[in-house]
Amino acid sequence: MAIQGPIPIRFEQVFPHGCYIVGEVEQVKDFDASSNGRTVYAKDKTTGELVWQVAVMDADPTVKAAQKTVSVKILAPVQPVPPASMSGLPFTPVEFDGMSVTPYVGQNTGRLAWSIRATAMRPPRTGAGSKQVPAGKDVAA
């Protein structure tokens with residue numbers, strides 16, 4: 001099979017209605033390498049970059065409540081800084097660059113799930129440069 005490793009994908013394909021940060025940016029621990037109070041942090045196997053994660057809420061109104069919040073892992077040498085919050089909004093809108101997804105089977109559910117990765121996060125684009133794709137998603141987040 002020609003597909004090996006993460007599948008590159010555009011932000012608009014994963015979050016056609018956008019998404020909002022609902023958690024802190026945290027460094028991902030490597031639980032297999034950590035032991036006896038010695039914490040080892042995860043690094044991407046391909047790039048060697050540190051792995052960070054942030055919880056986001058999908059703004060798609062058709063997504064079930066239990067599936068609205070997902071974790072996006074960000075590969076970066078230093079902790080990514082979220083965009084500034086916007087006045088009047090309870091959550092901070094965000095977009096991701098350099099996105100990829102990796103399918104896996106959830107241990108608890110036995111269902112297909114997706115690991116979402118990115119290389120950067122930034123404020124949403126607005127105006128003519130912004131593209132929206134139709135509501136029918138190709139990827140279940």
Side-chain angles (χ1 to χ4, degrees), residues 1-127 129-141:
M1 176 183 245
I3 298 174
Q4 294 184 10
I7 302 164
I9 195 163
R10 290 187 345 266
F11 173 82
E12 296 84 4
Q13 291 174 289
V14 180
F15 301 109
H17 296 274
C19 67
Y20 298 88
I21 294 175
V22 293
E24 300 294 321
V25 176
E26 301 172 328
Q27 196 166 11
V28 176
K29 293 178 184 171
D30 183 338
F31 291 104
D32 293 332
S34 297
S35 63
N36 296 338
R38 185 178 75 91
T39 302
V40 176
Y41 291 101
K43 290 187 177 184
D44 181 66
K45 292 174 185 164
T46 305
T47 66
E49 293 282 8
L50 292 172
V51 181
W52 308 84
Q53 68 183 5
V54 63
V56 299
M57 181 175 62
D58 191 336
D60 187 339
T62 64
V63 173
K64 294 177 184 177
Q67 298 170 334
K68 275 229 176 264
T69 302
V70 297
S71 179
V72 176
K73 292 183 177 158
I74 304 167
L75 309 179
V78 297
Q79 182 172 351
V81 177
S85 57
M86 299 175 76
S87 65
L89 293 179
F91 303 111
T92 303
V94 65
E95 287 188 5
F96 296 96
D97 292 324
M99 292 189 75
S100 64
V101 293
T102 303
Y104 68 94
V105 176
Q107 290 180 332
N108 298 337
T109 64
R111 293 183 175 190
L112 178 65
W114 298 92
S115 174
I116 304 169
R117 290 190 172 211
T119 56
M121 68 175 158
R122 59 176 166 73
R125 290 187 183 112
T126 57
S130 137
K131 295 179 186 173
Q132 290 292 325
V133 288
K137 285 196 223 186
D138 294 333
V139 175

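The residues of the chain are indexed from 1 along the displayed sequence. We use all heavy atoms of the structure for the numbers below, so side chains are in, but hydrogens, waters and symmetry mates are not.
- Between the OG1 atom of T46 and the CZ atom of R117 there is a distance of 8.0 Å, given to the nearest 0.5 Å.
- Between V63 and D58, the closest heavy-atom pair is CG2-OD2, 3.8 Å.
- Using a distance-only test at 3.5 Å, with no hydrogens or angles considered, no donor-acceptor pair links the side chain of T102 to the main chain of S115.
- If you take CE on M99 and CD1 on I116, they are separated by 5.5 Å, rounding to the nearest 0.5 Å.
- For the atom pair CD of Q27 and CH2 of W52, the computed distance is 4.0 Å after rounding to the nearest 0.5 Å.
- Looking at P123 and E95, their side chains never come closer than 4.5 Å, going by heavy atoms from C-beta outward.
- Nearest heavy-atom pair, P6 versus P8, reported as atom, atom and distance to 0.1 Å: O-CD, 3.6 Å.
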Test side chain to side chain contact (heavy atoms under 4.5 Å, CB included) applied to L75 and L50, step by step: CA-CA 6 Å; L75 309 179; L50 292 172; over 6 Å; no

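- When all heavy atoms of Y20 and F91 are compared, the pair lying nearest together is CB-CB, 3.6 Å.
- Closest approach of I74 and P80 over heavy atoms only: CG2-CG, 3.7 Å.
- Distance check: E26 CD to S71 OG gives 8.5 Å after rounding to the nearest 0.5 Å.
- Around atom NZ of K68, more than 12 heavy atoms belonging to other residues, nucleotides or ligands sit under 6.0 Å away.
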Which pairs would a plain distance check flag for residues 31-38, meaning a side-chain donor or acceptor within less than 3.5 Å of a matching protein atom at least two apart in sequence or in another chain?
unit_1 : atom_1 : unit_2 : atom_2 : d
S34    : OG     : D30    : O      : 2.9
S34    : OG     : V40    : N      : 2.8
S34    : OG     : V40    : O      : 3.3
R38    : NH2    : A33    : O      : 3.4

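- From E12, atom CD reaches atom NE2 of H17 across 12.5 Å, with rounding to the nearest 0.5 Å.
- For the side chain to side chain donor-acceptor pair (under 3.5 Å) test, residues two or more places apart in sequence or in another chain that qualify with T47 are D44.
- With M121 as reference, I21 is the one residue of I21, V56, D97, V72 to meet the side chain to side chain contact (heavy atoms under 4.5 Å, CB included) rule.
- For the atom pair CE of M57 and CZ of F15, the computed distance is 11.0 Å after rounding to the nearest 0.5 Å.
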Test side chain to side chain contact (heavy atoms under 4.5 Å, CB included) on T92 and M86; report intermediate values, then the result. CA-CA 6 Å; T92 303; M86 299 175 76; 5.8 Å; no

Run V94 and C19 through side chain to side chain contact (heavy atoms under 4.5 Å, CB included) and show every step you take. CA-CA 6 Å; V94 65; C19 67; 3.7 Å; yes

